[in-house]
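Working notes, beginning with the structure itself.
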Amino acid sequence: MSSINRRTFVRAAAAAATGVCLSACNRLTNSPAVGNILDSAESLNLRLRKAFFRKALAREFPASAISPKFRANGSTNPDSAAYRQLAANNFADYRLQIGGLVEQPLQLSLDELRATPGRTQITRHDCVEGWSCIGKWHGALLGPLLDRARLKPDARYLAFICADSLGRSLDGSTDYYETIDLDDAYHAQTILAYEMNDQVLPIAHGAPLRLRLERQLGYKMAKYIMRIEAVESFAHLGAGRGGYWEDRGYAWYAGI
Ligand SMILES: Nc1nc2c(c(=O)[nH]1)N[C@H]1C(S)=C(S)[C@@H](COP(=O)(O)O)O[C@H]1N2
Ligand SMILES: [Mo]
């Protein structure tokens, strides 16, 4: 942060502490998405983060920093029949579905995803369990795909529906899912990765497609993405807290 930005930040933080944050933050951002967050009862911390760091990039590293071995965590080999069939055919029949509150639902093959605007980034993955690994990721930028699908005005979140279930049942559902807001969806480093360390994304790390959301913890980064749904609220998904791990007590916004 430059010293001017830091001064502005400190001043706004002080203003927020005295209760005038809503107007100050609204003036600083012109985004309706941020406006919605300001209107809701989310934490002051999240409001300040959103206002000041909406576009900040997560740190990127040189190739020499790539971890020799990247740990795989959570599901590492989904066992549903549908997924096994896709994997057996090298995901040639895979179609990413983008639907929900969109004007133009999409179904995209991996070749079609490879033909859309992409990005490569070497970043550090931090798991809530306390380990980190640095890896190189390449994939389709999520923002341009959403532009193609044309989000409806009431879309506020994206839900990622995955191919795997983990064993611990809660309200009958064990399917892995995650949700993010539109600021994160349009962030410059938010990609749907189909390559890791210059190779086709391995099954253990989420083949054929996994989210990279570099400013949040690992559990937000859905692997084995089958469908992306634009929604107004995530109350109807799982136990209603926005993700598999959120339903089990972790924070919805897992900023690093
Ligand atoms: N579908 C799905 N996505 C998932 C998980 C999972 O079990 N299933 N685990 C999460 C957790 S806790 C972490 S740390 C990362 C692990 O990614 P990795 O296997 O590439 O290290 O994926 C996240 N995304
Ligand atoms: Mo994790």
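In each ligand, atom 1 is the first atom listed, and ligand 1 is the first ligand listed.
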Within 45° of the axis and under 6.0 Å from the centre of the six-membered ring of Tyr244, does NZ or CZ of Arg248 qualify? yes
With sequence neighbours excluded, what pairs up with Phe160 under the ring-ring contact (aromatic ring centres under 6.0 Å, His included) test? none
Hey, could you give me each pair passing salt bridge (charged side-chain N to carboxylate O under 4.0 Å, His left out) that has a residue in residues 128-151? Not counting sequence neighbours. Arg71-Glu129, Lys136-Asp198
Proximity of Tyr250 and Tyr219 rings by center, below 6.0 Å: yes
Contacts of Ser109 that satisfy side-chain hydrogen bond (donor to acceptor under 3.5 Å, both in side chains) - sequence neighbours left out: Glu112
Atom pairs, nitrogen or oxygen, ligand 1 to protein, under 3.5 angstrom:
residue  : atom   : partner : partner atom : Å
ligand 1 : 1 (N)  : Asp164  : OD1          : 2.7
ligand 1 : 1 (N)  : Asp164  : OD2          : 3.3
ligand 1 : 1 (N)  : Lys223  : O            : 3.0
ligand 1 : 3 (N)  : Lys223  : N            : 2.9
ligand 1 : 7 (O)  : Ser75   : N            : 2.8
ligand 1 : 8 (N)  : Asp164  : OD2          : 2.7
ligand 1 : 17 (O) : Arg210  : NH2          : 3.1
ligand 1 : 19 (O) : Asn73   : N            : 2.8
ligand 1 : 19 (O) : Lys223  : NZ           : 2.6
ligand 1 : 20 (O) : His205  : ND1          : 2.7
ligand 1 : 20 (O) : Arg210  : NH1          : 3.0
ligand 1 : 21 (O) : Arg71   : O            : 2.7
ligand 1 : 24 (N) : Met221  : O            : 2.9

Backbone N or O of Gln121 within a donor-acceptor pair of the Gln189 side chain at under 3.5 Å? no
